[in-house]
Amino acid sequence: MKNVNEETLDLAKTLGFADRLIDGGDLTVHSPVDGSIIGKVAMDSSDTVDSVIGDAQDAFLAWRNLPAPRRGEFVRLLGEELRKHKDDLGRLVTIECGKIASEGLGEVQEMIDICDFAVGLSRQLYGKTIATERADHRMMETWHPLGPVGVISAFNFPVAVWCWNAALALVCGDSVIWKPSEKTPLTALAVQAICDRLIADFDDAPAGLLSVIIGERNIGEQMVDDKRIALVSATGSCRMGREVGPRLAKRFARSLLELGGNNAAIITPSADLDLAVRGIAFSAMGTAGQRCTTLRRLIVHVDVYDDMVARLQKIYGSVSVGDPRDSAKLVGPIIDEDGFNRAQAALAQARDEGGTVTGGERANTPEGDAGYYMRPALAEMPAQSDIVRAETFAPILYVMKYETLNEAIALQNDVVQGLSSSIFTMDMREAERFVSASGSDCGIANVNIGPSGAEIGGAFGGEKETGGGREAGSDSWTAYMRRATNTVNYGTELPLAQGVSFDV
């Protein structure tokens, strides 16, 4: 296996962005695999960002007039390019954000899937004909492109989240400006290189249609505050959402916020425990616990608690942790030292709050001296304490007991986040109660699967401090368009609605 630096350079050459890895770049990029520097990238200035937004506005004015199926053809070709580069781009995801190999490839497959989904939607941007009370009139709704769309993505899904937004925005007639996490800019530059080549070869694609801006928080703030950007889709923490949301609201811009999750699974007495254990394992340990949909709270009925904990302790003690490029490993690294330290602080607080912790120590791997590898942790808690209610981006699973389903659902809902949830049960009444109005208060509620891992056909997002936004799903395209109501009078009279008379 090549060292991380050599492999990154090879991928940069293959994917076409090696020219962006410059000596003296002011943003240093580290790989969580071994902590090594894999690139130095120049950050964009405020003036450059202003120019990029201006180009995106010009591109929008041209792109919006292109027929939607033709826009869909561009996205179809984007999907084909992603298929060609899936292995290389997936490998780069693994190197830059630490996902195991199958998850890195899965993230690129998610991009391909959303492109396919968006292509179909390009011929289904439907408006409705509406019954009117006035004779010889027709009333209808029409949908029009919205404007330049800003996308702010997080390190844990460095390319898929952009594509969730970009594929739909493109078929809807919008241009897209992307600010990736400063922890994972290389994957964004790789995708942009693919897009640049596609734009050059597609006769109807204007310059500025898709662009990337590289920088830190101030660059994101500039994008959020620019009145030319009609919609900002931001993925990150609840804290970030509390800052982004009001700033967009202040200028009456649209927001699509995908924020924190503190997801729970309920294990009932009737649950298939073998099935539950498999669902829990991926949901709690996948991506080293660094998904917004990661399972963080396990609420187990007292009758099966001891059996469930014993099964989990066995798996947690034996799961393979190490270099995510190695297909034998199931848990890769925490993104960086700060993330690892926050995880250790959370475990210390769990102990202070009466918890019993198994695992959680720094893993003894060859990469351990520079990469931050952590054994997944089980924390048996006497109650849903302060640390349990907090979201820690790490493979920490808090386990609690319950006696009645009402108690379990109350525990499930008693956090400020509302992203994803699940129940494991063979009782139809329990399953139906969980997905009913009096059950889970999350945007995603699953039965007999974990809360992590979503398909692009379903709307993704959550309630409460998760932000309320939705990406993908049947009506996702409406977020990227504006709706107009049109009334056409094809008669010779001019009747007014509601029987109003105004004769002159």
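In this text, all values refer to a predicted model and were calculated from it rather than measured experimentally.
Electrostatic pairing of Arg297 and Glu391 does not count as a salt bridge here, judged by no charged N lying under 4.0 Å from a carboxylate O. Salt bridge status for Arg83 with Asp116: present, with a side-chain N to carboxylate O gap under 4.0 Å. The existence of a salt bridge linking Asp225 and Arg247 is confirmed by a sub-4.0 Å separation between a basic side-chain nitrogen and an acidic carboxylate oxygen. Ionic pairing of Glu107 and Lys86 is not present here: no N-O contact between side-chain nitrogen and carboxylate oxygen is shorter than 4.0 angstrom. Arg311 has a carboxylate O that lies under 4.0 Å from a charged side-chain N of Asp274, or vice versa, which qualifies the two as a salt bridge. Ion pairing of Asp26 with Lys40 is absent here, as no side-chain N (NZ or NE/NH1/NH2) approaches a carboxylate O to less than 4.0 Å. A salt bridge links Glu465 with Arg242; the closest basic N to acidic carboxylate O contact falls under 4.0 Å.
Separation of the Phe460 and Trp164 ring centroids falls under the 6.0 Å cut-off.
Taken from CG in Leu82 to SG in Cys163, the straight-line distance is 6.0 Å, to the nearest 0.5 Å.
By the 6.0 Å and 45° rule, Arg362 stacks over the aromatic ring of Tyr372. Cation-pi geometry between Lys329 and Tyr373 is not satisfied (NZ or CZ under 6.0 Å from the ring centre, within 45° of the ring normal). Cation-pi geometry between Arg375 and Tyr316 is not met: the NZ or CZ atom fails to fall both under 6.0 Å from the ring centre and inside 45° of the normal.
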Item to complete: Could you give me the CA-CA distance, side-chain angles and deciding distance for Val224 and Ile152, then say whether side-chain contact (heavy atoms from CB on, under 4.5 Å) is met?
Response: CA-CA 9 Å; Val224 167; Ile152 300 174; 4.1 Å; yes
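Ser36 and Asp34 form a side-chain donor-acceptor contact under 3.5 Å, judged by distance and modelled atom types alone. For the 3.5 Å distance criterion, the side chains of Thr466 and Glu258 fail to qualify, holding no donor opposite an acceptor. There is a side-chain donor-acceptor pair under 3.5 Å between Thr287 and Glu103. In summary, the side chains of Thr356 and Glu380 do not present any donor paired with an acceptor at a separation below 3.5 Å, with no hydrogens or angles considered. A donor-acceptor pair shorter than 3.5 Å cannot be found between the side chains of Tyr402 and Gln412. Side-chain contact of Thr293 with Ser452: a donor-acceptor pair under 3.5 Å is present, judged by distance alone. Ser211 and Trp178 share no donor-acceptor pair across their side chains, judged by distance under 3.5 Å alone. Side chains of Arg433 and Ser438: a donor-acceptor N/O pair is present below 3.5 angstrom, by distance only. Defined by atom type and a distance below 3.5 Å, a donor-acceptor pair is present between the side-chain atoms of Asn165 and Glu471. Between the side chains of Gln417 and Lys464, not a single donor N or O lies within less than 3.5 Å of an accepting N or O.
Residues Leu170 and Leu210 meet the side-chain proximity criterion, which asks for heavy atoms closer than 4.5 Å. Contact check for Leu231 versus Leu256: side-chain heavy atoms found under the 4.5 Å cut-off. When side chains are defined from C-beta on, Gln109 counts as touching Ile112, because their heavy atoms get closer than 4.5 Å.
More than 12 heavy atoms of other residues, nucleotides or ligands lie within 6.0 Å of CD in Gln313, so this atom counts as buried by the packing criterion.
A donor-acceptor contact shorter than 3.5 Å links the side chain of Asp174 to the backbone of Gly147.
Aromatic ring pairs are classed by plane angle as parallel below 30°, tilted from 30° to 60° and perpendicular above 60°; the pair Phe393 and Phe155 is perpendicular.
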